[in-house]
J.: 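Have a look at the structure that comes next, please.
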Amino acid sequence: MNIGIIGAGSIATFIIKEIQQMQLDGLKVKSLFVRNLKKYEQLAADYGVQLFNDIDQFLESDIDIVVEAANVATAHQHVPKVLEKKEVIIISIGALADEAFLEEVKFLGKKHKHSIYLPSGAIGGIDAIQNANGLGELKRVSLTTRKPAHSFGEDIVGEKVIFQGSAAEAIEKFPKNINVSIVLSLAGIGVENTKVEIIADSTVTKNHHQIQAEGTFGSMTFQIENEPMRSNPNTSMLAALSVLGTLKKLQSTIKIGL
């Protein structure tokens with residue numbers, strides 16, 4: 001599977017380096033779409049990736065799937081066009097909090113017979129949430145996220161609840177900090193019904209997520225404590241690994257958790 005990536009931030013760079021260095025069977029990053037070609041010339045040279053700053057030329061290159069690894073605005077701008085030509089993995093899942101955009105993406109995927117893959121990112125248990133809602137009988141889903149206070153620009157000692165509300169409200173107020181609430185919502189009971197609490201805490205150095213769910217199936221609780229990426233302390237290592245895991249799963253004969 002030949003991969004094209006939109007964006008060249010920490011997750012995109014991680015994917016390129018790991019796939020090319022590990023020489024994973026059947027996976028190869030071939031194309032990279034960026035704004036500034038000159039800025040990434042060395043990255044392209046080091047890993048044998050072709051650079052593009054024209055989206056049409058990028059999509060016509062030798063790729064089978066596109067990984068969107070940029071930001072919400074870029075996802076809004078380019079994912080619809082991508083879906084006309086290729087399957088896509090969306091990392092900036094906050095873009096799908098916009099219901100009109102979500103419906104457009106679903107329509108285009110169906111029209112062009114291209115799948116949209118959403119990595120679980122910095123949380124887990126997404127398959128269990130989906131399964132629990134198989135008959136539409138998932139009653140309550142909540143996410144409590146605790147992050148270092150400085151990641152929110154908070155100068156506090158101890159902890160402070162800085163948000164309580166729906167996932168839709170959370171992603172609007174904290175578009176760079178709470179993407180996980182959207183993938184959780186899409187797997188479960190929607191962005192309006194998924195409850196989110198965000199805590200800024202000066203005593204922690206890692207991101208903590210607790211998911212709780214109840215329904216006719218019973219109840220479940222997941223807790224995740226994320227190590228940051230070495231290249232970007234604001235991004236959880238598990239978020240990057242979930243993208244790599246999604247790509248590997250697509251190639252695997254045995255697909256676990258689908």
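Please read all numbers here as calculations on a predicted model, not as lab measurements.
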J.: With the side chain counted from C-beta on, respond yes when Val196 and Thr145 share a heavy-atom pair under 4.5 Å apart, and no when they do not.
T.: no

J.: Looking at residues at least two apart in the chain, or sitting in another chain, which of them share a salt bridge (Lys or Arg N to Asp or Glu O under 4.0 Å) with Asp155?
T.: none

J.: Quick one: do Gln223 and His209 satisfy side-chain contact (heavy atoms from CB on, under 4.5 Å)? Show the steps, please.
T.: CA-CA 6 Å; Gln223 291 187 339; His209 303 288; over 6 Å; no

J.: Does a donor on one side chain and an acceptor on the other come within less than 3.5 Å for Gln210 and Thr221?
T.: no

J.: Distance-only, no hydrogens or angles: does the Asn53 side chain make a donor-acceptor pair with backbone N or O of Leu37 under 3.5 Å?
T.: no

J.: Quick one: side-chain contact (heavy atoms from CB on, under 4.5 Å) partners of Ser10, sequence neighbours excluded?
T.: Met229, Ser231, Asn232, Thr235

J.: Do Ser236 and Glu227 come within less than 4.5 Å of each other through their side chains, counting heavy atoms only?
T.: no

J.: Does a side-chain heavy-atom distance below 4.5 Å link Val161 with Glu197?
T.: yes

J.: Cluster question for you: counting only ILVMFWY and a side-chain heavy-atom cut-off of under 4.5 Å, with indirect links fine, are Val72 and Leu96 together?
T.: no

J.: Hey, is the main chain of Asn226 close enough, under 3.5 Å, to the side chain of Asn207 for a donor-acceptor pair?
T.: no

J.: So which pairs with a foot in residues 231-255 pass ring-ring contact (aromatic ring centres under 6.0 Å, His included), sequence neighbours left out?
T.: none

J.: Determine yes or no for a side-chain-to-main-chain donor-acceptor pair under 3.5 angstrom, with Asn133 supplying the side chain and Ile129 the backbone.
T.: no

J.: What I'd like to find out is whether the side chain of Leu184 reaches to under 4.5 Å of the side chain of Val141, using heavy atoms alone.
T.: yes

J.: Using the side-chain contact (heavy atoms from CB on, under 4.5 Å) criterion, which residues pair with His208? Sequence neighbours excluded.
T.: Arg146, Val204, Lys206, Glu225

J.: What distance separates Phe58 CZ from Ile5 CD1, expressed to the nearest 0.5 Å?
T.: 8.0 Å

J.: If you measure from CD1 on Ile116 to CG on Leu186, what distance do you get to the nearest 0.5 Å?
T.: 11.0 Å

J.: Just so I know, are the side chains of Val29 and Gln20 near enough to count as touching, which here means a heavy-atom distance under 4.5 Å?
T.: yes

J.: Could you list the residues that satisfy side-chain contact (heavy atoms from CB on, under 4.5 Å) with Ser219, not counting sequence neighbours?
T.: Glu214

J.: Could you tell me whether the side chain of Lys255 and the main chain of Leu250 form a donor-acceptor pair under 3.5 Å?
T.: yes

J.: Under 4.5 Å between any side-chain heavy atoms of Ile162 and Phe174, yes or no?
T.: yes

J.: Taking Thr216's backbone N and O only, do any of them form a donor-acceptor pair with Glu137's side chain (distance below 3.5 Å, no angle check)?
T.: no

J.: Mark yes when over 12 heavy atoms from residues, nucleotides or ligands other than Arg140 sit less than 6.0 Å from its CZ; otherwise mark no.
T.: yes

J.: Taking Lys86 for its side chain and Ile63 for its backbone only, find out whether a donor-acceptor pair lies under 3.5 Å.
T.: yes

J.: Between Ser202 (side chain) and Gly158 (backbone), is there a donor-acceptor pair under 3.5 Å?
T.: yes

J.: Checking Glu103 now: which residues fulfil salt bridge (Lys or Arg N to Asp or Glu O under 4.0 Å) with it, not counting sequence neighbours?
T.: Lys106

J.: Is the number of heavy atoms from other residues, nucleotides or ligands within 6.0 Å of NZ (Lys17) greater than 12?
T.: no

J.: What about Met1 and Met22, same hydrophobic cluster or not, with Ile/Leu/Val/Met/Phe/Trp/Tyr joined at side-chain heavy-atom distances under 4.5 Å?
T.: yes

J.: Mind running side-chain hydrogen bond (donor to acceptor under 3.5 Å, both in side chains) on Glu68 and Ser92 for me, showing each step along the way?
T.: CA-CA 7 Å; Glu68 176 281 312; Ser92 303; 2.8 Å; yes

J.: Kindly state each residue pair satisfying ring-ring contact (aromatic ring centres under 6.0 Å, His included) with at least one member in residues 222-242, sequence neighbours excluded.
T.: none

J.: Can Ile3 and Leu27 be said to form a side-chain contact (heavy atoms from CB on, under 4.5 Å), step by step?
T.: CA-CA 7 Å; Ile3 303 160; Leu27 294 177; 4.1 Å; yes

J.: Which residues pass the salt bridge (Lys or Arg N to Asp or Glu O under 4.0 Å) test with Lys248, not counting sequence neighbours?
T.: none

J.: Please walk me through it: do Glu87 and Asp64 pass side-chain contact (heavy atoms from CB on, under 4.5 Å)?
T.: CA-CA 7 Å; Glu87 298 198 324; Asp64 304 304; over 6 Å; no

J.: Walk me through it: do Phe163 and Lys173 pass the test side-chain contact (heavy atoms from CB on, under 4.5 Å)?
T.: CA-CA 9 Å; Phe163 176 83; Lys173 192 168 184 181; 4.1 Å; yes

J.: To the closest 0.5 Å, what do you measure between OH (Tyr47) and CD (Glu18)?
T.: 8.5 Å

J.: Mind checking what makes side-chain contact (heavy atoms from CB on, under 4.5 Å) contact with Phe107, not counting sequence neighbours?
T.: Lys111

J.: For Glu172, does the CD atom sit with more than 12 other heavy atoms under 6.0 Å from it, leaving out its own atoms?
T.: no

J.: Please list all pairs passing the ring-ring contact (aromatic ring centres under 6.0 Å, His included) test where one or both residues lie in residues 62-86, with sequence neighbours left out.
T.: Phe33-His78, His76-Phe101

J.: Would you mind listing every salt bridge (Lys or Arg N to Asp or Glu O under 4.0 Å) that reaches into residues 37-58, with sequence neighbours excluded?
T.: Asp56-Lys81

J.: How would you list, by chain and number, every residue that makes a salt bridge (Lys or Arg N to Asp or Glu O under 4.0 Å) with Lys85, sequence neighbours excluded?
T.: Glu60

J.: Quick one: pull up CG in Asn193 and OG in Ser142 and give me the separation to the nearest 0.5 Å.
T.: 12.5 Å

J.: State yes or no: do Ile224 and Ile91 share one hydrophobic cluster built from I, L, V, M, F, W and Y residues joined by side-chain heavy-atom distances below 4.5 Å, directly or via other members?
T.: no

